[in-house]
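These notes are about the structure you will find just below.
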Amino acid sequence: MTVSRLTALRAELARLGLDGFIVPRADEHLGEYVPASAERLAWLSGFTGSAGLAAVLPERAAVFTDGRYILQVGQETDPALWERRHITDDPPPAWLAAHASPGARIGYDPMLISEEALARFTDAGLAMVPIAANPINALWTDRPPPPMAPAVPHDLAYAGRGSAEKRAEIAAKLREARQDAAVITDPASIAWLLNIRGDDVPFTPVALGFALVHADARVDLFMAPEKLPPQTRAWLGNAVATHDRAELADALGALTGSRVRVDRAGSPAWFAQTLRAAGAEVVAGSDPCLLPKACKNPTEQQGARAAHARDAVALCRFLHFMAGAGPAGGETERSVAERLLVFRREQEGFRGESFPAISGAGEHGAIIHYRVTEATDRPIRPDEVYLVDSGAQFPDGTTDVTRTIWTGPLKPPEEVGDRYTLVLKGHIAIATLVFPEGVAGQHLDAFARRALWQVGLDYDHGTGHGVGSYLSVHEGPARLSRAGHPVALAAGMILSNEPGFYQAGAYGIRIENLLMVQPAELAGAARPFLRFETLTLAPFDRRLIAPGLLVPEEIAWVDAYHARVLAEIAPRLDEPAAAWLAHACAPL
């Protein structure tokens, strides 16, 4: 099927006078999770990862992705049709510049790529040609319709701040910068700003739309009318004018002479191109909602603690179940993932998973973003490594946690225990950090890797990402990553702490908790400092810990963490699970 689709696309490109075309894995909002109608990369190539891009030339084509999916892209694409490339080691602009004919016209959809990303192609000397209609849309004859789930109010009991207050804050920032308006294309930013949620994309409770925020705190919201029931229109209030998405181009065209802020990295290039054509002055600037959204207010912080406590009940029940199921055999990656989902569904307020659970046994655990399917599902055998990375959406918080366990009953190999413990040392190093205000996540990433680096090991992903408040499990602008933008960490931010190690073809190890940035009270400190509060509450697998590799302070941290897990979660469990938890949390 991908043969005929690639052939049809090449024919259409020739008809349009194009010598190539790029297909990002993106929708009009450039988000990680996209509706089924936007899965153009999967339709064309077969690759279903959440990050990637295809480049198509008349005689060759390539799919690019990062280290999380490099094994998956090899499994899902046809090597006779697609070259598989690491997007960092062999960037798409360089590949196109090397293989396209001189002067080649490379087409792109300006609604599916940011100006910042587009610049990488033009800087490589490529002639990039915007096209008004994406050719895949016409070729994809059974393309699903766009989602039309309603936008619904997000109660102040969870949001903590009213929309009017948030709009006033953003408007003040615009006036201070002498900007008349800002384009908002991230549905999560719109959800935060207007205190609404939706169900348009998997795993992230947002309603798809665009917004213009004005310096007088007015907002123009562009969203299909059928997505805005009367209750939601009343909730938005008179300061939020609603429009059909078809009116967006005219609204931008009316901003002649205005200074309009557009996020070069987070908004489709179409917005800046349309504004410039209308005579507006485009001012490059980050989405003004990103930072205040990331810094959770006291209500959201308390909601996160409550959500993680409920989620911990489900996770501890699951780990108790696996303590018996692992040695006995008889379960598969899919069956245990479904069992974990059942435990979560029984928790108050559960709205759904925050991402597709990664349930990988043995060699599948080494695929960083492995997604079990009917075709790949395999038994979980005794005496192997099993990795489960999962999360939940609750109205008061979003969770994300990874545990790596040994299925027993025999003692794990020394190599596995040593490498698990090195990962744990990196996890503890981040959890216990105290650092001055102004430090960015990229400055902290190496602390998580130090123990692995000392023995010549590493992992091919960032150490941590931001997490929303009943929003995206992957939230900007801050993260713990060497490749991260230099955004200073600030109180109220929630980030993951997830170092790992992956032995291709054998096993994967990852240990993940969510952390919340808090002020650190240091006697005599010359400037403000910050620390991390651990939100996640679930035991580590003590069978995999090699205490001899830990220093006394690290052992004390593990024991204190387990004591906290036992004290807070055991009273919420039934007697067998509580007894298991007491054993799992015994001091090292």
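As the structure is a prediction and not an experimental result, all values here were calculated from the model. For the numbers below, each heavy atom of this structure counts, side chains included, while hydrogens, waters and symmetry mates do not.
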Side-chain heavy-atom pair T274, L248 within 4.5 angstrom cut-off: no
Flag, side chain of T141 to backbone of A138, donor-acceptor distance under 3.5 Å: no
Side chain to side chain contact (heavy atoms under 4.5 Å, CB included) between Y69 and I368, intermediate numbers included: CA-CA 7 Å; Y69 294 110; I368 297 172; over 6 Å; no
Between R40 and N137: side-chain donor-acceptor atoms closer than 3.5 Å: yes
Results of ring-ring contact (aromatic ring centres under 6.0 Å, His included) for F271 - residues two or more places apart only: F210
Shortest non-hydrogen contact from I430 toward L444: CD1-O, 3.4 Å
Results of side-chain hydrogen bond (donor to acceptor under 3.5 Å, both in side chains) for T7 - residues two or more places apart only: none
Nearest heavy atoms of D186 and L290, plus distance in Å: OD2-CD2, 4.2 Å
Nearest atoms (heavy-atom pairs only) where L174 meets A215: CD1-N, 4.1 Å
Near-ring test F532/F435, centroid separation under 6.0 angstrom: yes
4.5 Å side-chain heavy-atom contact, W192 and I184: no
Any pair counted as side-chain hydrogen bond (donor to acceptor under 3.5 Å, both in side chains), so long as it reaches residues 206-216, sequence neighbours left out: H214-D220, D216-R218
Side chain proximity check, L221 to L228, heavy atoms < 4.5 angstrom: yes
Ion pair check, E169 and K166, cut-off under 4.0 Å: no
With Q503 via side-chain contact (heavy atoms from CB on, under 4.5 Å) - residues at least two apart: R419, F501, A506, Y507
Trace of the side chain to side chain contact (heavy atoms under 4.5 Å, CB included) decision for L9 with L13: CA-CA 6 Å; L9 176 60; L13 296 180; 4.2 Å; yes
Close side-chain approach of V23 and L53, heavy atoms under 4.5 Å: no
Contacts of H461 that satisfy ring-ring contact (aromatic ring centres under 6.0 Å, His included) - sequence neighbours left out: Y459, Y502
A26 versus L30, closest heavy-atom pair with distance: CB-CD2, 4.1 Å
Side-chain donor-acceptor contact under 3.5 Å, H465 with E498: yes
Residues forming a ring-ring contact (aromatic ring centres under 6.0 Å, His included) with F121, sequence neighbours excluded: none
Side-chain donor or acceptor of K227 paired with backbone N/O of P150 under 3.5 Å: no
Residue pair W82 / L44, side-chain heavy-atom distance below 4.5 Å: yes
Flag, side chain of S481 to backbone of A483, donor-acceptor distance under 3.5 Å: yes
Residues which pass side-chain hydrogen bond (donor to acceptor under 3.5 Å, both in side chains) with S163, listed by chain and number, not counting sequence neighbours: R167
Heavy atoms of other groups near R60 CZ, more than 12 under 6.0 Å: yes
Exam field: side chain S359 to backbone V388, donor-acceptor pair closer than 3.5 Å: no
Residues R276 and E115 bridged, charged N to O under 4.0 Å: yes
S267 to T185 - nearest heavy-atom pair and separation: OG-OG1, 3.0 Å
T376 versus R371, closest heavy-atom pair with distance: OG1-O, 4.0 Å
Crowding at CD, E226 (>12 non-hydrogen neighbours, <6.0 Å): yes
Set of ring-ring contact (aromatic ring centres under 6.0 Å, His included) partners for H86, sequence neighbours left out: none
Separation between OG of S101 and CG of L57, rounded to the nearest 0.5 Å: 8.0 Å
Rounded distance (nearest 0.5 Å) linking atom CG of L480 with atom NE2 of H443: 12.0 Å
D263 side chain vs D287 backbone, donor-acceptor pair below 3.5 Å: yes
Under the side-chain contact (heavy atoms from CB on, under 4.5 Å) test, residues paired with P202 that sit two or more places apart: none
No-hydrogen, no-angle side-chain donor-acceptor test under 3.5 Å, N297 and E300: yes
Verdict with reasoning, T463 to R449, per side chain to side chain contact (heavy atoms under 4.5 Å, CB included): CA-CA 9 Å; T463 297; R449 301 177 190 269; 4.0 Å; yes
Side chain proximity check, R84 to P79, heavy atoms < 4.5 angstrom: yes
Spacing of NZ belonging to K296 relative to CD belonging to E475, to within rounding of 0.5 Å: 3.5 Å
Full working for side chain to side chain contact (heavy atoms under 4.5 Å, CB included) between D90 and E83: CA-CA 11 Å; D90 190 5; E83 300 175 29; over 6 Å; no
Residues in salt bridge (charged side-chain N to carboxylate O under 4.0 Å, His left out) contact with E39, at least two apart in sequence or another chain: R25
With R351 via salt bridge (charged side-chain N to carboxylate O under 4.0 Å, His left out) - residues at least two apart: none
Main-chain N/O of S37 paired to R143 side chain as donor or acceptor, under 3.5 Å: yes
Point-to-point distance, once rounded to the nearest 0.5 Å, from CD of E76 to OG1 of T65: 10.0 Å
Test item: D458 and L452 side chains (from C-beta on) under 4.5 Å apart, heavy atoms: no
Heavy-atom side-chain proximity of I358 to R510 below 4.5 angstrom: yes
Residues which pass salt bridge (charged side-chain N to carboxylate O under 4.0 Å, His left out) with R178, listed by chain and number, not counting sequence neighbours: none
From L208, V34, D27, residue fulfilling side chain to side chain contact (heavy atoms under 4.5 Å, CB included) relative to D200: L208
Trace of the side-chain hydrogen bond (donor to acceptor under 3.5 Å, both in side chains) decision for D78 with T2: CA-CA 8 Å; D78 184 347; T2 56; 5.1 Å; no
Donor-acceptor contact below 3.5 Å, side chain S472 vs main chain G468: no
Distance, nearest 0.5 Å, that separates CD of Q72 from OG1 of T77: 10.0 Å
Value rounded to 0.5 Å, distance of OG1 in T232 from CG in N195: 12.0 Å
